[in-house]
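Down below is the structure, laid out as structure tokens.
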Amino acid sequence: MSSERRKSYPFDQIEPKWQAIWEERQLFHAPNPGEKSFDPAKRKFYILDMFPYPSGAGLHVGHPEGYTATDIIARYKRMRGFSVLHPMGWDAFGLPAEQYAIKTGQHPAVTTRENVAKFKRQLKRIGFSYNWQREINTTDPAYYKWTQWIFLQIYNSWFNPATNKGEPISTYPGENPDEVRLAYVAEVSVNWCPELGTVLANEEVVDGKSEIGGFPVVRRPMRQWMLRITAYAERLLNELEGLDWPEGIKLLQRNWIGRSEGALIKFQISNFKSQFIEVFTTRPDTLYGATYMVLAPEHSVVDLIVAEEQWPDVREYRERAARKSDLERTDLAKDKTGVFTGAYTINPANNERIPIWTADYVLLGYGTGAIMGVPAHDERDLEFARKFDLPIRVVVQPSGDEEPIGFIGEGIAINSPIIDGLPTPEAKKKIAHWLEQHNAGKGAINYKLRDWLFSRQRYWGEPIPIVWRDGKHEALSENELPIVPPPLDDYKPSGTGEPPLAKAKDWVRYSDKALREINTMPQWAGSCWYYLRFCDPRNDERFVGGEAERYWMSSDKPGSVDLYVGGTEHAVLHLLYARFWHKVLFDLGYLSKPEPFQRLVNQGIILGEDNQKMSKSRGNIVNPDDVIDQYGADAFRCYEMFMGPLEQMKPWSMRGVEGVARFLARVWRLFMDETQAGDWELSARIQDVAPDKAQQKVTHATIKKVTEDIESLSFNTAISQMMIFVNAFTSAETIPLSAMRTFLILLNPFAPHVSSELWENLNAKFRDARGDITEQSWPGYDEQLLIEDEVEIVIQINGKLRDRMKMPVVANEEEVKSAALSNPKIQDRIAGRTVRNVIVVPKKLVNIVV
RNA sequence: GCCAGGGUGGCGGAAUUGGCAGACGCGCCAGACUUAGGAUCUGGUGGAGAAAUCCGUAGGGGUUCGAGUCCCCUCCCUGGCACCA
């Protein structure tokens, strides 16, 4: 047995050959307006992949799934005459490189450079047609200079509710602009991860553990930079509408934003004349049913109101709640806990005195951190009231015969003098109006979305371009950017919450009186705007040039990027943050369109051969390099697409790769014969002759199917059709050149190397001077050629298939009907029975009902 | 618990508006070529049955001349959210 299996076609030679040609000729370069080769007549198409974090492990087969899909579309669109922006870059700030630096002392930039080189080599091997001259890296100072610049724009802006827009802070009429900036500092309870030595965004905490590493996370108050994304909540919600995103993803974002309509109600505290506690409720109509109030344990008013004798209990309870991680707090949710504060508040509707409790089922971060307890009409309140023996008062009458206690639906208000007899929606409106009149509250909208915690206690991230002077923050000026982090000997966080940058004492001392901000930005910062930088990646005057932005980001829809492909794991965070930054920049007049991504597609996860998620521990990871070594990049690409629908989760199969590799080998042998000496030469069967009718038909059917399937991203069925095409020609004695030319163009986006090579071989023999395959335009099809003269018509009796017959397409209903009824098999079956009805579906079937 | 998306041969998956279920590929079976075959080519392949035929799209019910497709109920899988007041 030979040591290496013979390749079924010489992909190991032709793939590097064509990759070198593409690079040398810069074939996929997408010129910007102003460049020599720019053609203003061409329409743009911006197709974007979610750029990867270049990890040390290298590419896995999941990455190229989406990348192959976009590459097919990019190549297709070029042949359709579009100028295609199809860039790639590196989201290279992040924890792993920093962790590695802590272990080895190697600067993260070195690790990053190595990993990027590895990723790039792997991607190039697959033959993607990226605009490599637009490559960007978020850790490049020339890039993050502009990330920092955008931060300054955000810092120097506020959201004007009157215009519903972000505006320069100079337009703010109030006294203290620091209160309204879109980037601000707050003392907030954060998710502190001692193991990582950093705080994490809520989104980075999963089940009370860090998303990265799975380390425990605890609550801790810290001074942090926040971005006021909540100001944009309404627009982030409403403007989803115009986007061509999967409904599921839109829903995920809607739920994350979590808009709810209700009222803020002011409760006066007994014995504290001018102290009020505001609660948010979606059911102001149940105000008369409020028999107690609950404050979140962390609520600041608790300190103020607790009665002397209740202090020990309250203190103990608060400490216990603080120690609980989010996981425990929600996990123990089955059993409600809480303590009475000893204080009372007045229900504004009936002036009743009701007790104030504190309990951790009320969250500080949602609404006002305080609720009115309406046990009769809220499950949680009911559970709490039953446990602590608090009164339950029914104020909503269900319309049916449901039990009123615990009824949370809409009904008729009762025991509520102001709104008695009103159905819930009207009752809500009336009571909100009443509250407003009596200065006791107002209608309000609340969001689940919270402001974005933007500080990280890390080294390997963008420094925040701020200095502190006399305890106040100041923006650094634009011309000081980029702020480059200083080199360190030791990248370890101190563990006290002090970021690693604190160790660079000289760097921190900005001047005699001013110190630098030592927090860095989260990893999302760089990916919030990278799609903009791709439009004009080398511009050192502006984050993106105006002309380039207007060309590439233009659209007749609200979103700019025509197609964005990536994993669902970014459905909420990345996509929401990027939309937020985009809207701020749009409001400030820097961008053409209010939304970044018009059409979004999520590729499904690829599982291991064992149908399990790929992981090191399971040992089921497939390395693209191994697949390419054995079967070639074209087979790899085609298999990734042939597996099944792009958006579906599906298992890898090496047998499947083999099958697709066999298909490409069959394509090769359709064109090429092997000589005695073992060389390949163009088959003599290929001749410049007209295709026969059947060949014509399958060719046009293939053009139609492949075209439509690429447009709808159904790559698997496009490949099926090309297989059918090849099967139809393999045994033909003469193979018409024109059909083969057409086929190679169709195949090119999927298998660019082998199709280029075969095209070149055709050009060498047939002097029809056609140029390179990449210069070809996409073929059209003739619908006329697809029409059959005869169709097979199915004959059913009572819906069951009984026979088939050939009929001319032109046959009318009457002819088809009588042909079916006179069919001998059918005659046998219906003999002696009455034909009740005959249904004729033109060109398809006849159903005889007896 | 709530929300979303799924469930079709031994496997991955096809199937405009309801109209021949299982395209294409894998696997399997048989044959050809061959010193050889884990190469290549040809044919077959949902299940049961000798056959006529019958049964088949998670399960049950319904609408219809006709249901994988539409409606109702149940079960299972995947993803998300999870005391959001």
Side-chain angles (χ1 to χ4, degrees), chain A residues 1 5-6 8 207 246-252 254-256 258-260 262 279-283 286 294 329-334 336 359-363 365-374 377-381 383-384 408 446-450 568-569 571-572 602 604-605 607 609 611 638-639 642-645 647-660 662-663 665-666 669 674 705 708 714 716-724 727 730-731 792-804 836-850:
Chain A
M1 199 170 286
R5 209 170 82 223
R6 207 178 156 282
S8 50
D207 291 339
E247 266 318 304
I249 302 295
K250 286 191 188 179
L251 197 70
L252 238 55
R254 285 192 193 109
N255 291 342
W256 193 263
R259 181 185 197 272
S260 53
V279 304
F280 175 77
T281 176
T282 55
R283 293 297 298 269
T286 63
V294 184
R329 235 167 117 155
T330 51
D331 211 40
L332 300 173
K334 298 157 212 153
K336 295 251 180 308
D360 66 4
Y361 83 93
V362 174
L363 309 172
Y366 184 75
T368 61
I371 61 150
M372 59 181 201
V374 184
H377 306 295
D378 183 284
E379 285 174 44
R380 298 148 301 180
D381 296 347
E383 194 191 330
F384 190 78
I408 55 168
N446 197 43
Y447 300 93
K448 235 161 86 179
L449 182 71
R450 306 188 202 165
T568 343
E569 66 272 22
V572 180
N602 293 119
I605 295 171
L607 303 172
E609 301 231 27
N611 248 301
C638 289
Y639 177 65
F642 189 63
M643 290 174 82
E647 304 191 49
Q648 194 172 301
M649 179 190 291
K650 44 211 177 285
W652 188 266
S653 157
M654 274 305 177
R655 297 250 194 218
V657 183
E658 249 173 85
V660 174
R662 271 206 282 274
F663 159 65
R666 270 203 312 280
R669 288 195 308 271
E674 197 169 12
K705 181 87 179 133
E708 288 173 354
S714 308
N716 55 330
T717 48
I719 294 172
S720 297
Q721 182 61 38
M722 289 191 280
M723 288 172 168
I724 292 168
N727 292 344
T730 32
S731 48
E792 193 175 67
I793 289 186
V794 169
I795 310 174
Q796 296 180 336
I797 296 176
N798 293 339
K800 294 203 174 184
L801 175 70
R802 290 307 179 198
D803 203 8
R804 301 150 204 263
R836 290 174 205 282
N837 194 5
V838 179
I839 290 128
V840 178
V841 181
K843 294 179 217 172
K844 286 231 166 84
L845 64 75
V846 181
N847 189 13
I848 299 160
V849 186
V850 293

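Residue numbers begin at 1 in each chain, while the letters A, B, ... track the order of the sequences. Below, all heavy atoms of this structure are taken into account, side chains as well, without hydrogens, waters or symmetry copies.
Comparing B:A23 with B:G46, their P atoms are spaced 8 Å from each other, to the whole Å. Atom P of B:G22 sits at a distance of 12 Å from the matching atom of B:G68, rounded to the whole Å. Of the P atoms belonging to B:G61 and B:A15, the separation is 29 Å, rounded to the nearest Å. Taking atom C1' on both nucleotides, B:A36 is separated from B:A48 by 40 Å, rounded to a whole Å. When the C1' atom is used for both B:C77 and B:C65, the distance is 36 Å, rounded to whole Å. Comparing the same atom, P, in B:U74 and in B:U64 gives a spacing of 24 Å after rounding to whole Å. With both ends at atom C1', the span from B:G9 to B:G60 equals 23 Å, rounded to whole Å. Distance noted for atom P between B:C28 and B:U35: 25 Å (whole Å).
Phosphate contact (OP1/OP2 of B:A85, side-chain N/O of A:Ser260, threshold under 4.0 Å): present. For the pair A:Arg655 and B:G27, the criterion of a side-chain N or O lying under 4.0 Å from OP1 or OP2 is met. Dashed line: the shortest gap from a side-chain N or O of A:Arg254 to OP1 or OP2 of B:A4 is not under 4.0 Å. Note on A:Lys800: a side-chain N or O is less than 4.0 Å away from OP1 or OP2 of B:C55. Contact annotation: A:Asn716 reaches the phosphate of B:A14 (side-chain N/O to OP1 or OP2, under 4.0 Å). Residue A:Gln648 has a polar side-chain atom (N or O) positioned under 4.0 Å from OP1 or OP2 of B:G13. Using a 4.0 Å cut-off, some side-chain N or O of A:Asn727 falls inside it from OP1 or OP2 of B:G25.
Within the 4.0 angstrom heavy-atom criterion, only backbone atoms of the sugar-phosphate kind lie near A:Thr282; the bases stay farther away. Using a 4.0 Å heavy-atom cutoff across all strands shown, A:Arg836 reaches no nucleic acid atom at all. At a threshold of 4.0 angstrom between heavy atoms, the contacts of A:Ile839 include nucleobase atoms, whether or not backbone atoms are also involved. Counting any heavy atom pair closer than 4.0 Å across all strands shown, A:Gln796 reaches a base atom. Contacts of A:Gly659 with the nucleic acid, taken as non-hydrogen atoms under 4.0 Å apart, involve only primed sugar atoms and P, OP1 or OP2. Across all strands, A:Pro246 comes closer than 4.0 Å to no nucleic acid atom at all (heavy-atom distances). Contacts of A:Ile724 with the nucleic acid, taken as non-hydrogen atoms under 4.0 Å apart, involve only primed sugar atoms and P, OP1 or OP2.
Per the geometry, NZ belonging to A:Lys250 stands 15 Å off C1' belonging to B:A4, to the nearest Å. As a whole-Å value, the separation of A:Lys650 NZ from B:G7 P is 14 Å. One atom, CG of A:Asp803, and another, P of B:U53, lie 11 Å apart when rounded to the nearest Å. Here B:G25 presents its C1' atom at 5 Å from CE of A:Met723, a figure rounded to the nearest Å. Whole-Å rounding puts the A:Leu363 CG to B:C81 C1' distance at 14 Å. Summarising the geometry, the separation between NZ on A:Lys844 and C1' on B:G18 is reported as 11 Å, rounded to the nearest angstrom. In this structure, A:Arg259 atom CZ and B:C81 atom P are separated by 22 Å, rounded to whole Å. Here B:A4 presents its P atom at 18 Å from CD of A:Glu647, a figure rounded to the nearest Å.
Listed candidates were B:C83, B:G19, B:G25. Nearest to the side chain of A:Leu845 is B:G19. Of all nucleotides listed (B:A85, B:C81, B:C24), B:C81 comes nearest to the side chain of A:Lys448. Checking B:C20, B:C24, B:C81 against every side-chain atom of A:Val794, the shortest atom distance belongs to B:C20. Considering only the side chain of A:Val849, B:C65 comes nearest among B:C81, B:C20, B:C65. Proximity note for A:Tyr361 (side chain, C-beta onward) versus B:G19, B:G80, B:C83: the nearest is B:C83. Closest contact between the side chain of A:Glu792 and the listed nucleotides B:C81, B:C3, B:C20 involves B:C20.
Residues A:Val846 and A:Ile839 are not in side-chain contact: their nearest non-hydrogen atoms beyond the backbone lie 4.5 Å or more apart. Residues A:Ile249 and A:Asn602 form a side-chain contact, since some pair of their non-hydrogen atoms from C-beta on lies under 4.5 Å apart. Between A:Met372 and A:Asp381 there is no side-chain heavy-atom pair separated by less than 4.5 Å. No side-chain heavy atom of A:Trp256 sits under 4.5 Å from any side-chain heavy atom of A:Lys448.
Across all strands shown, B:G22 forms no Watson-Crick or G-U wobble pair with both key distances under 3.5 Å. Nucleotide B:A36 has no partner under the Watson-Crick or G-U criteria, as no pair reaches both atom distances under 3.5 Å. B:C70: Watson-Crick or G-U partner is B:G62, with both key distances under 3.5 Å. Across all strands shown, B:U42 forms a Watson-Crick or G-U wobble pair with B:A30, both key distances being under 3.5 Å. Nucleotide B:G79: paired with B:C3 (Watson-Crick or G-U wobble, both distances less than 3.5 Å). Shown here, B:A15 forms no base pair; nothing in the strands shown gives a Watson-Crick or G-U wobble contact with both key distances under 3.5 Å. Pairing for B:A85 is absent, with no Watson-Crick or G-U wobble pair whose two atom distances lie under 3.5 Å. Nucleotide B:U53 forms a pair with B:A48, judged by Watson-Crick or G-U wobble geometry with both contacts under 3.5 Å.
Annotation: A:Glu379, atom CD; neighbour count of heavy atoms from other residues, nucleotides and ligands within 6.0 Å does not exceed 12.
Considering A:Ile797, A:Asn847, A:Ile848 in turn, A:Ile797 is the only one that fulfils the side-chain contact (heavy atoms from CB on, under 4.5 Å) rule with A:Arg802.
A distance of 6.0 Å separates NZ in A:Lys650 from CE in A:Met643, rounded to the nearest 0.5 Å.
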### Query
Which is it for A:Glu247 and A:Lys250 under the salt bridge (Lys or Arg N to Asp or Glu O under 4.0 Å) test, yes or no, and what are the steps along the way?
CA-CA 5 Å; A:Glu247 266 318 304; A:Lys250 286 191 188 179; 3.7 Å; yes
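A residue-by-residue look at A:Pro645 and A:Gln721 shows that A:Pro645 has its nearest nucleotide of RNA chain B further toward the 5' end.
Base orientation of B:G9: syn, since the glycosidic angle falls within 90° of 0.
Between A:Tyr366 and A:Phe280, the ring planes are perpendicular. Angles over 60° get that label, and only those under 30° would be called parallel.
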